[in-house]
Amino acid sequence: MAEIREVVQLGHPLLRTQAQYVENVQEQRIQNLVDDLIATVGQANGVGIAAPQVAECCRLFIVASRPNLRYPYAPTMEPTAMINPKILAHSTEAVKGWEGCLSIPGIRGLVPRYQIVEVEYSDRNGKLQKQELTDFVARIFQHELDHLDGIVFLDRME
Ligand SMILES: O=C(O)C[C@@H](Cc1ccccc1)[C@H](O)SCc1ccccc1
Ligand SMILES: [Zn+2]
């Protein structure tokens, strides 16, 4: 009898409710998508990528700033998944900077973006994060957030 009691206590996967099972599958899907996006942005030498760019309709993107030709002083950061991201506040002035887009190869343009943004998002572990982003990282965040709303940098060029 012990082994049956043990199985029940351990919550054997087969004993989970349907809702728990569905939740578990969805969670695994998000984790897989995050891993795929991090691999893709690395292979593409990008500094960010949004789920809609790989035809996944969910409010999720990766910010992966690192020094590059146009932004040699860009900080190097661990590629960070940002889920349900939003801008809580921003500086008044916008600064123009060069942008490109993995979905619009070969084109670069000068795009105005807020220099400072206060942002909120859930990380890949579901923890709510609140941060102040500045300069190039703030630019990437705004570029990726636009992708979630179907906006590309060409739409913002003056
Ligand atoms: O298409 C994307 O979302 C990725 C862009 C992100 C980006 C955001 C802001 C400014 C520039 C790019 C790619 O990383 S495009 C490749 C790239 C990398 C560094 C600088 C310019 C373009
Ligand atoms: Zn883009």
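As the structure lists them, so they are numbered: ligands from 1, and atoms in each ligand from 1.
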Shortest heavy-atom approach to [atom] - which of [options]:
| atom | options | value |
| --- | --- | --- |
| atom 11 (C) of ligand 1 | Ala74, Gly100, Pro105 | Gly100 |
| atom 17 (C) of ligand 1 | Glu99, Gln142, Arg108 | Arg108 |
| atom 13 (C) of ligand 1 | Asp146, Val152, Leu102 | Leu102 |

- Message: Regarding Arg70 and Glu99, does a basic nitrogen lie under 4.0 Å from an acidic carboxylate oxygen?
- Response: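 No.
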- Check ion pair Asp35-Arg124 (N to O, under 4.0 angstrom):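 Between Arg124 and Asp35 there is a salt bridge, with a charged N closer than 4.0 Å to a carboxylate O.
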- Residue-ligand contact Gln53/ligand 1, heavy atom below 4.0 Å: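 Right, Gln53 reaches ligand 1.
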- Query: Non-hydrogen atoms of Gly48 versus ligand 1: any pair closer than 4.0 Å?
  - Reply: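 Judged by the 4.0 Å heavy-atom criterion, Gly48 does count as contacting ligand 1.
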If you count the atoms of ligand 1 from 1 in the order shown, which ones are under 4.0 Å from a heavy atom of [X]?
| X | answer |
| --- | --- |
| Cys101 | 1 (O), 15 (S) |
| Gly46 | 14 (O) |
| His147 | 1 (O), 2 (C), 3 (O) |
| Glu144 | 2 (C), 3 (O), 4 (C), 6 (C) |

- Query: What do the steps show when you test Arg156 against His143 for side chain to side chain contact (heavy atoms under 4.5 Å, CB included), and what is the final call?
  - Reply: CA-CA 10 Å; Arg156 295 218 183 259; His143 178 111; over 6 Å; no
- Parallel, tilted or perpendicular: ring planes of Phe61 versus Phe141, cut at 30 and 60 degrees: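 Perpendicular.
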- Using a cut-off of 6.0 Å, state whether more than 12 heavy atoms not belonging to Glu23 lie near its atom CD.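 Counting neighbours around CD of Glu23, 12 or fewer heavy atoms of other residues, nucleotides or ligands fall under 6.0 Å, so no.
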- Query: With a 4.0 Å heavy-atom cut-off (strictly under), which part of Arg70 contacts ligand 1: side chain, backbone, both or neither?
  - Reply: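 Answer for Arg70: neither.
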- Item | ligand 1 versus Asn68: contacting region, heavy-atom distance under 4.0 Å |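 Looking at Asn68 and ligand 1, just side chain atoms fall under 4.0 Å.
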- Item | Pro85 and its side-chain contact (heavy atoms from CB on, under 4.5 Å) partner, picked from Leu145, Val63, Leu60 |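 Going through the options one by one, the only one that passes is Leu145.
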- Query: Between the side chains of Gln43 and Thr40, is a donor N or O closer than 3.5 angstrom to an acceptor N or O?
  - Reply: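 There is no such pair (donor and acceptor under 3.5 Å, judged by atom type) between the side chains of Gln43 and Thr40.
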